[in-house]
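Heavy atoms only: backbone and side chains are in, while hydrogens, waters and symmetry mates are out.
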Amino acid sequence: MSIALVTTIAELKAATAALLEERAGAGAAESGTLGLVPTMGALHHGHAALARAAVEENSVVVATVFINPLQFGDPGDLARYPRTTEADLALLGEAGVDIMFAPSVEEMYPGGEPMVRVTGGTMGEIHEGASRPGHFDGALTVVSKLLHVGMPNTGLAAPDGSGRPAYRAYFGQKDAQQLALVRRMVADLNFPVDIVAVPIIRDADGLASSSRNRFLSAEERESALVLSRALELLKGRADAHEPLDIRSAEELVRSAPGVELDYLEVVDPDTLAVRAELCQDTPFTGQALAIIAAKVGPVRLIDNVLLG
Ligand code: AMP
C-alpha cells in the first residue's frame with residue numbers, strides 16, 4: 001500500500017473513513033483502530049520509531065507534518081526550521097503509514113491566530129516553558145486541534161473489548177514535558193484518545209535524535225554529547241542507589257566547550273515537579289526523571305532519562 005498525501009481536513013477525514021471502512025468487517029464494533037502520529041516534519045529515525053509503533057498497533061495510521069507557528073517564540077527559529085516534505089513522505093511510507101496530513105498554516109488557522117487556546121497552566125511554565133514562554137500553550141493548542149481533526153468518526157471503543165478508545169496518538173519520551181502535558185490535557189479535558197509514549201531514539205554516538213541536530217558543526221556535536229553523558233552518570237548513580245550529586249553532573253556539562261547549560265533537574269515523571277530531596281546527598285530510591293536542556297552553538301538541545 002502506498003502512502004497518500006492529503007493537505008485539507010476534509011480530505012483527511014474522507015481518506016481515513018474510507019480506509020477504516022475498507023479494512024473493517026461489517027458494523028462499527030469491527031471498525032478497527034486509528035493511530036495518529038503528530039510531527040513537525042524533517043523526520044528522522046526517532047519519528048520512524050513512533051510511526052512503526054503506530055503501524056504495529058492500529059489498522060489505519062495517519063502521520064501529521066505541520067510546523068506550528070504558535071509554538072515558536074523566535075521567528076528566526078521558525079524560518080530556519082527544516083522543511084523536507086518529499087523525504088518525510090518516503091520515510092513515513094517506508095514505515096507503513098497510510099496517510100500523511102501536511103496542512104498549510106491557513107488550513108489549520110483559517111481565521112489567523114486562534115483567540116482561544118489550550119494552556120498548560122503552571123506545568124507549562126516550568127523547565128522548557130520558563131525558557132520558551134508560550135511554547136507549550138502553542139503546542140497543546142495544535143495537538144488539541146490535530147487530535148480533533150484526526151479523530152475517526154466510526155466506533156468510539158476499540159474492537160478488542162477493552163473499553164479503550166479506538167483512537168491512539170503517539171508521542172516521544174524525548175519531549176518529556178510535552179508528553180506529560182499532553183497526558184494531562186487528555187485526562188483533564190476528557191479527550192477520547194489513548195496516549196502512547198515511545199522511548200527516546202538516539203544516534204549511534206548517544207545524542208538524542210532531533211531535527212535540529214543537523215545545525216550542529218562537528219565540534220559542537222562532540223560537545224553536545226556531554227548531555228547524554230551527564231544523564232548516564234546520574235542513571236548509574238541512581239541504579240547503584242548512590243546520592244545523585246547533581247552539582248558534579250552540572251560541572252561536567254559546563255566543562256564542555258561551547259555548551260551553555262540551561263537546566264539539569266531531577267523531577268517527578270508525571271508532574272515534572274522538582275524532587276529537590278533527591279538531587280544532592282541523599283542516597284537515591286524510587287523513580288524520577290532527570291531532564292536537561294542546553295544551548296550548544298546555535299542549537300537548543302533537550303534530553304532526559306528515567307531513573308530507578
Ligand atoms: P517533532 O517533529 O520534533 O515535533 O517531534 C514529533 C514527535 O516525535 C514528538 O512526539 C517527539 O517527542 C517525537 N520525537 C522526536 N525525536 C524523537 C526521538 N529522538 N526519540 C523518540 N521520539 C522522538
Side-chain angles (χ1 to χ4, degrees), residues 46 71 73-74 77 119-140 171-185 195 197-202 206-210 212-213 223-256 258-297 299-308:
Q71 70 190 71
D74 169 10
D77 190 26
T119 171
T122 51
M123 195 173 161
E125 290 166 4
I126 52 177
H127 314 308
E128 280 307 284
S131 296
R132 305 177 67 187
H135 167 69
F136 286 119
D137 292 0
L140 288 174
F171 291 86
Q173 177 61 36
K174 159 87 177 4
D175 297 273
Q177 192 170 1
Q178 171 175 277
L179 171 64
L181 278 160
V182 168
R183 282 195 190 286
R184 283 252 53 105
M185 174 178 81
I195 300 302
V198 177
I200 300 181
I201 302 296
R202 298 178 180 281
L207 188 66
S209 307
S210 163
R212 290 187 168 93
N213 289 352
S223 284
L225 297 181
V226 78
L227 273 72
S228 52
R229 287 199 193 116
L231 294 177
E232 275 305 307
L233 182 71
L234 294 177
K235 184 168 159 37
R237 289 174 184 162
D239 287 346
H241 302 292
E242 291 170 4
L244 293 182
D245 185 10
I246 284 255
R247 261 174 250 136
S248 70
E250 285 175 348
E251 285 309 307
L252 173 72
V253 176
R254 290 207 174 91
S255 70
V259 176
E260 214 179 292
L261 179 64
D262 183 356
Y263 59 77
L264 173 59
E265 306 267 23
V266 175
V267 301
D268 179 287
D270 298 323
T271 64
L272 276 299
V274 174
R275 301 275 310 273
E277 80 284 5
L278 287 178
C279 287
Q280 206 48 44
D281 300 323
T282 313
F284 183 87
T285 54
Q287 271 221 332
L289 189 73
I291 56 173
I292 188 167
K295 211 159 169 218
V296 184
V299 188
R300 185 185 163 78
L301 297 173
I302 57 170
D303 199 349
N304 66 86
V305 71
L306 207 54
L307 306 176

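Take Leu225 and apply the side-chain contact (heavy atoms from CB on, under 4.5 Å) test, not counting sequence neighbours, and it matches Asp205, Leu207, Glu222, Arg229. Taking the salt bridge (charged side-chain N to carboxylate O under 4.0 Å, His left out) definition, one finds that Arg300 meets it with Glu128, Asp262, sequence neighbours left out. Applying the salt bridge (charged side-chain N to carboxylate O under 4.0 Å, His left out) rule to Arg237 yields no partners; only residues at least two apart in sequence or on another chain are considered. Residues forming a side-chain contact (heavy atoms from CB on, under 4.5 Å) with Asp281 (at least two apart in sequence, or on another chain): none. Residues passing the side-chain contact (heavy atoms from CB on, under 4.5 Å) test with Asp270 are Asp268, sequence neighbours excluded. For His127, the ring-ring contact (aromatic ring centres under 6.0 Å, His included) criterion is met by Tyr263, not counting sequence neighbours. For Asp239, the salt bridge (charged side-chain N to carboxylate O under 4.0 Å, His left out) test picks out Lys235, with sequence neighbours left out. Shown here are the side chain to side chain donor-acceptor pair (under 3.5 Å) partners of Ser209, two or more places apart in sequence or in another chain: His45, Asp203. For Arg254, the side-chain contact (heavy atoms from CB on, under 4.5 Å) test picks out Glu250, Glu251, Leu261, with sequence neighbours left out. With sequence neighbours excluded, no residue forms a salt bridge (charged side-chain N to carboxylate O under 4.0 Å, His left out) with Asp245.
The closest donor-acceptor contact from the side chain of Asp137 to the backbone of Gly120 lies under 3.5 Å. Judged by distance alone, the side chain of His241 and the main-chain N or O of Pro283 form no donor-acceptor pair under 3.5 Å.
Residues in residues 171-183 take part in these side chain to side chain donor-acceptor pair (under 3.5 Å) pairs, two or more places apart or across chains: Gln173-Asn304. Applying the salt bridge (Lys or Arg N to Asp or Glu O under 4.0 Å) test to pairs two or more places apart or on separate chains, none has a residue in residues 285-296.
Pro269 approaches Leu306 most closely through the heavy-atom pair CG-CD1, 4.2 Å. Taking all atoms of both residues into account, the shortest heavy-atom contact from Ala238 to Phe284 is CB-CD2, 3.6 Å. The nearest pair of heavy atoms linking Arg212 to Asp77 is NH2-OD2, 3.0 Å. Taking both residues in full, the closest heavy atoms of Ala256 and Ser223 are given as CB-O, 4.0 Å, listed atom of the first, atom of the second, then distance. Scanning both residues, Ala224 and Leu301, for their nearest heavy atoms gives CB-CD1, 3.6 Å. Across every non-hydrogen atom of Val253 and Ala230, the tightest pair is CG2-CB, 3.6 Å.
Rounding to the nearest 0.5 angstrom, the gap separating the OG1 atom in Thr285 from the CG atom in Leu307 is 11.5 Å. Rounding to the nearest 0.5 angstrom, the gap separating the CD atom in Gln280 from the CG atom in Leu244 is 8.5 Å. If you take CD1 on Ile200 and OG on Ser228, they are separated by 10.0 Å, rounding to the nearest 0.5 Å.
Counting heavy atoms from C-beta outward, Phe171 and Val198 have side chains that stay 4.5 Å or more apart. Two residues are said to be in side-chain contact when any heavy atoms from C-beta on lie closer than 4.5 Å; Thr282 and Pro243 fail this criterion. Inter-residue side-chain proximity for Val305 and Ile292 is flagged as unmet; no heavy-atom pair is nearer than 4.5 Å.
Enclosure of atom CD in Glu260 is not indicated, since only 12 or fewer non-hydrogen atoms of other residues, nucleotides or ligands lie within 6.0 angstrom.
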Next on the checklist: With side chain to side chain contact (heavy atoms under 4.5 Å, CB included) as the criterion, how do Leu289 and Val266 come out once you've worked through the C-alpha distance, each side chain's angles and the decisive distance to 0.1 Å?
Outcome noted: CA-CA 6 Å; Leu289 189 73; Val266 175; over 6 Å; no
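When each of Val274, Leu272, Asp303, Leu264 is checked for a side chain to side chain contact (heavy atoms under 4.5 Å, CB included) with Ile291, only Leu272 meets the rule.
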